[in-house]
Amino acid sequence: MTTRTEKLPAKSVPVSVPIREAVVRYGFVAVTVVLIGYFLISEPNFRTSSNLWGLLVYAAPVGIAGLGVTIAMTVGGLDLSVGSTAGFAVSLAAWTMVIGNQVGGVAIVVVLIAGALIGLLNAVLIVWARIPDLLATLTTMFAIMGLKLVLVDGKSISSRMTLDDGTTAPGRFTDGFLYLAQGKIGPVPFPAILLIVISVLVWFLLERTRWGRLLYAVGANPEASRLAGVRVGLYRSAAYVAAGVLASVAGLLLAARIGQGDVSAGNSLLLDAVAVALVGTSVLGRNVPNAWGTVLGAVLVTVMVVGFSMMGLPYYVQDVAKGAVLLVALLFSYTLSTRRATLPGQPT
């Protein structure tokens, strides 16, 4: 007996689906390119080589702190203490050099250790004390903000400042430390090189190593990862320690840029770092936290701030623009995409 196989008609795909997926995948990149092109054409000062390098210099602290938030997001968390950690790094570096009369290298080591300890404190609260990450890092944020003010007695620290006892502070911001923000290797500013190097390292860690894949696995399904033999607590702890270290690096750049221990430094870094990390999830339709998406988000935010400033727009317009960009990114990830992003606080 012969059977006849009927060929089923091919399932047609609506034309709107490929278009929508193209918008999701390349829309955010296109917005960035169009915005840069607009400022290049309309603002002569924007297209100077010094300004173009300056964009990366300005984006470096935000991008590096955002990469820390990105690592925390890969394990399903969110670090709200990155801004206060960066601000504490500014004050601690200033205190170490100006009041403690130490060289810049010592200040850098002290700040990095402090950032790692803050990340470790977050890990203890989240992993071992089982406090939700938002509440734990919010608590750490307030504690570090208070500790920063206690450390410097509520005052900014500057070289040759007069102390409470009437004497002059013995130390100063060393030239080697200031090189972090003001130095160059050839024509390229050092902060731009540091941002690129850290971005490559984070990308390589997350995308090309076993540890990175396990970080994503822990964030996607911690229980399944635990049953597969993954030390979930260790990976979550490592993510928060890395976030603390990167936030302290951002603080070092801020301290070297302003050349003093400003007690208000880092106050706005939290919102910017979280924003660029969230924006980065929508880049190229990845819908997961990733290094290059975060860097692109930092560049876009910087382009808007610098471009609008050159146009003479009020400073509060910049906040509206940042909110609009974040809204567009979330629309790409949730409304238009067929692959929904899973962000901190959402069930997987």
(message) Given 3.5 Å as the limit, does a donor-acceptor pair link the side chain of Ser225 with the main chain of Ala217, or not?
(response) yes
- Over 60° means perpendicular and under 30° means parallel, so classify the ring planes of Phe39 and Phe46, tilted if in between. tilted
Check: Between Asn122 and Ser81, do the side chains contain an N or O donor and an N or O acceptor separated by less than 3.5 Å?
Finding: yes
Looking only at heavy atoms, the pair that brings Ala277 and Gly66 closest together is CB-O, 3.8 Å
Exercise for review: State, yes or no, whether a side-chain contact exists between Val249 and Leu112 at a heavy-atom distance under 4.5 Å.
Suggested key: yes
dist Arg213:CZ -> Thr74:OG1 (nearest 0.5 Å) comes out at 13.5 Å
- Query: Would you say Arg47's side chain and Leu40's backbone share a donor-acceptor pair under 3.5 angstrom?
  - Reply: yes
When rounded to the nearest 0.5 Å, the distance separating CH2 of Trp128 from OG of Ser237 is 6.0 Å
Decide yes or no for Leu92 and Val110: does some side-chain heavy atom of the first lie under 4.5 Å from some side-chain heavy atom of the second?
yes
Is a donor on one side and an acceptor on the other found under 3.5 Å between the side chain of Asp272 and the backbone of Leu269?
no
Notebook entry, point to check: Out of curiosity, does Ile99 fall in the hydrophobic cluster containing Leu151 (side-chain heavy atoms, cut-off under 4.5 Å, transitive links)?
Noted result: yes
Any donor and acceptor pair, going by atom type alone, linking the side chain of Ser159 with main-chain N or O of Phe173 inside 3.5 Å?
yes
Between Val197 and the options Val200, Leu195, Leu201, the side-chain contact (heavy atoms from CB on, under 4.5 Å) test singles out Leu201
Open item on the list: Looking at Asp262 and Ser156, would you say the former's side chain and the latter's main chain have a donor-acceptor pair under 3.5 Å?
Closed with: no
Heavy-atom distance under 4.5 Å between the side chains of Arg172 and Met97, does that happen here?
no
OG1 (Thr140) and CE (Met145) are apart, to the nearest 0.5 Å, by 12.5 Å
Practice problem: Would you indicate whether the side-chain heavy atoms of Asp79 and Thr85 approach each other to under 4.5 Å? | Solution: no
message = So does Gly100 get a backbone contact from the side chain of Gln102, meaning a donor-acceptor N/O pair under 3.5 Å?
response = yes
>> Tell me whether Tyr216 contacts the main-chain N or O of Pro289 through its side chain, where contact means a donor paired with an acceptor under 3.5 Å.
In response: yes
Practice prompt. Please examine the side chains of Tyr240 and Asp133, heavy atoms only from C-beta on, and report whether any two atoms are closer than 4.5 Å.
Written response: yes
- Should the heavy atoms of other residues, nucleotides or ligands under 6.0 Å from OH of Tyr235 be counted, would the total exceed 12? yes
So CG of Leu56 and CD1 of Ile193: to nearest 0.5 Å the spacing works out to 10.5 Å
Review point. So, Asn290 side chain and Gly280 main chain: donor-acceptor pair closer than 3.5 Å or not?
Key: yes
Joint cluster assignment, Ile185 & Leu253, ILVMFWY side-chain distance < 4.5 Å
yes
query: Between Asn221 and Ala224, is there a donor-acceptor pair closer than 3.5 Å when you use the side chain of the first and the backbone of the second?
result: yes
Original post:
For the side chain of Arg226 and the backbone of Val218, is there at least one donor-acceptor N/O pair under 3.5 Å apart?
Top reply: no
message: When you compare the side chain of Leu78 with that of Thr137, does any pair of heavy atoms fall below 4.5 Å?
response: no
Taken to the nearest 0.5 Å, the spacing of Ile157 CD1 from Gln260 CD works out to 10.0 Å
Separation between CG (Leu67) and CE (Met73), nearest 0.5 Å, reads 11.5 Å
Next on the checklist: Is the shortest side-chain heavy-atom distance between Pro132 and Leu135 below 4.5 Å?
Outcome noted: yes
Residue pairs passing the side chain to side chain donor-acceptor pair (under 3.5 Å) test with at least one member in residues 88-101, sequence neighbours excluded, are none
If Ile, Leu, Val, Met, Phe, Trp and Tyr residues are connected whenever their side-chain heavy atoms lie under 4.5 Å apart, and connections chain through other members, are Leu180 and Leu55 in the same group?
yes
- prompt: With a 4.5 Å heavy-atom cut-off, do Leu121 and Leu117 have their side chains touching?
  reply: no
Hydrophobic cluster identity match, Val82 and Leu125, side-chain contacts under 4.5 Å: no
Residue set satisfying ring-ring contact (aromatic ring centres under 6.0 Å, His included) with Tyr179, at least two apart, ordered chain then number -> Phe190
**Request:** State yes or no: do Val111 and Ile113 share one hydrophobic cluster built from I, L, V, M, F, W and Y residues joined by side-chain heavy-atom distances below 4.5 Å, directly or via other members?
**Result:** no
